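Notes follow once the structure below has been shown.
Throughout, a chain's letter reflects where its sequence line sits, starting with A, and its residues are numbered from 1. In this text, all values refer to a predicted model and were calculated from it rather than measured experimentally.
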Number of protein chains: 2
Amino acid sequence: MEKKQNTLFVGALAKGLKLLRAFDESHTDLSLSDLVQRTGLDKSAVQRLANTLHVEGMLDKDPVTRRFRPSHAWLQMAYAYYWSDPLIARAMPRLIELSQHLGETVNLAELSGDHIVYVTRLPCKRTQFAATLPGRRLPAISTAAGRVILSTFGRDEWEQAARTGPLISMTPRTMLDRADIEALIEKAAGEGYSVSRDQMILNEIAVAAPIRGMDGRAVGAVQCSISAHTWDEDSIATQIVPLLQDTANSISPGAFRS
Amino acid sequence: MEKKQNTLFVGALAKGLKLLRAFDESHTDLSLSDLVQRTGLDKSAVQRLANTLHVEGMLDKDPVTRRFRPSHAWLQMAYAYYWSDPLIARAMPRLIELSQHLGETVNLAELSGDHIVYVTRLPCKRTQFAATLPGRRLPAISTAAGRVILSTFGRDEWEQAARTGPLISMTPRTMLDRADIEALIEKAAGEGYSVSRDQMILNEIAVAAPIRGMDGRAVGAVQCSISAHTWDEDSIATQIVPLLQDTANSISPGAFRS
DNA sequence: GGTGTCTGTATTGCATTATGATACAGATCG
DNA sequence: CGATCTGTATCATAATGCAATACAGACACC
């Protein structure tokens, strides 16, 4: 491990965080040696760090299998986050209203580097498990929400995002051509919303509208996930998009060019 | 700070976690000196630890105010938690179904020490902001969910909980008499569900049913929050309780005495 | 039922690393 | 324009986290 910085960087803390990050959707509970493998740290170090995290209540330890698991503290962190992000309190009541009106799943997304994060999710229909969980990250340019957000940033910025942003194929139809993606962002900039099909889940359509800050740049997006079996292009344009945009605008602090 | 343990306890990591815990609903963004105050740590230590957390992406830093805020990583931790807790994947589809059937807010709660944690929330109506956020902790014995869970643990355990568990007054009607609370738990044990009124929010009624593990002890509870204006005792008993219990039972791994 | 190889746990001496005092700088205030 | 807050940077000291050990229990494999 290369020293990141000196004197104001606490390596031991960084290593501890590395342990926490070793847990993800496909690594839900880890033994001591799993942690050693995943972090690349020394066995002794992992032993001490994991023990500390356990004592401090950040990791649960199964007394029989001796495996570590995320504790409820991980949810409390999210709780603290929700209070710290001023968008949430503004958005929540409107999102609830929207989801009840539409009877469809509604999400709040924010940009985080070159990914989007689903901050709040209000699932109304059965769907893929991952699609019901807040905190999920997806490559920004692969999602309707990411593209509408980028579309408010101006051509230079979205061009760069479209050309350098990460792309992973989730379905056989995931769009991987960066020029096509750039065109979609441009389209979103003109229309004020974006639609995607079959990108993350087959037969799933996502529609997203930007929540603009005072300067016109999006601070997030309201997104709606619907089934391609029950909605077609027309019904989306007439029944979903207007409500979605109204909701997004009502969340925006300043009212800008509608 | 007293040394907690020796040789397998990493103090620097523990202090870092202390910084993270300094953020909560009423402390959403903290300056360096705020952190010093809240943690009781040395200024230099906080400086280094906060910087580390920032570099590692756990804290966002406002470039102008220099204040720290929880980052999106805090949500990712919740995401990892959701995958690690086997109850979530089982419960989610059923909770969605239930919330759509009832048209009312449905929550999944788990016991965490002497508190309950709302793990998943599916708000269907406008309500208090805090009541829409997962990760919220409440004193177990003050909530319907906590009481049904405890009621499955046997008299000895629930007695102790009722007598020693934390209690805070959230509304003028919050029940503070431990004997009354114990009686409610006993009632819940007999009926297989629990109801509470005006405990956390005025005019709010909570109904909860236990999700039992293979051994009969509850591993969580399905809870429903409704308005006292639209529901009365009878309609709750006939329309809510059965559905709630069915849902809870369908989530339970083993089928026990219904 | 031994023998080998996995685990997770405990101990110890050494030097790396975190420490906290200090000094500097940029605000905001009176 | 001093005074007092901030946040930032530097540095010598020793305390603290380190990694090499050795130990113990579980499992599997002849």
Query raised in the report: Along nucleotides 4-12 of chain D, 5' to 3', which nucleotides get a B, which get an S, and which get a -, given that the test is a protein heavy-atom distance under 4.0 Å?
Result: --SBBBBB-
Query raised in the report: Between A/Asp34 and A/His27, is any pair of side-chain heavy atoms under 4.5 Å apart?
Result: no
Report task. With the side chain counted from C-beta on, respond yes when B/Glu110 and B/Asp85 share a heavy-atom pair under 4.5 Å apart, and no when they do not. Result -> yes
Report task. Calculate the interatomic distance between B/Leu13 atom CG and D/dT16 atom C1'; express it in whole Å. Result -> 13 Å
Query raised in the report: Just how far, in rounded Å, is C1' of C/dC6 from CD of A/Gln37?
Result: 13 Å
Requested in this report: Check whether any side-chain heavy atom of B/Tyr79 lies under 4.5 Å from a side-chain heavy atom of A/Tyr118, and answer yes or no.
Outcome: no
Query - Integer-rounded Å distance: C/dT9 P and A/Leu49 CG - result: 14 Å
**Report entry** Minimum-distance nucleotide to A/Ala45 side chain [options: D/dA19, C/dT19, D/dG17]
**Finding:** D/dA19
Query raised in the report: So do the side chains of B/Leu122 and A/Pro123 get within less than 4.5 Å of each other, counting heavy atoms only?
Result: yes
Report task. On the 0 to 90° scale, with breaks at 30° and 60°, tag the B/His72-A/Tyr81 ring pair as parallel, tilted or perpendicular. Result -> tilted
**Report entry** Length of the CZ-P vector between B/Phe9 and D/dC18, whole Å
**Finding:** 13 Å
Query raised in the report: Does A/Glu56 pair with B/Lys18 as a salt bridge, N-O distance under 4.0 Å?
Result: no
Report task. Among D/dA20, C/dG20, C/dT19, find the nucleotide with the atom closest to the side chain of B/Asp42. Result -> C/dG20
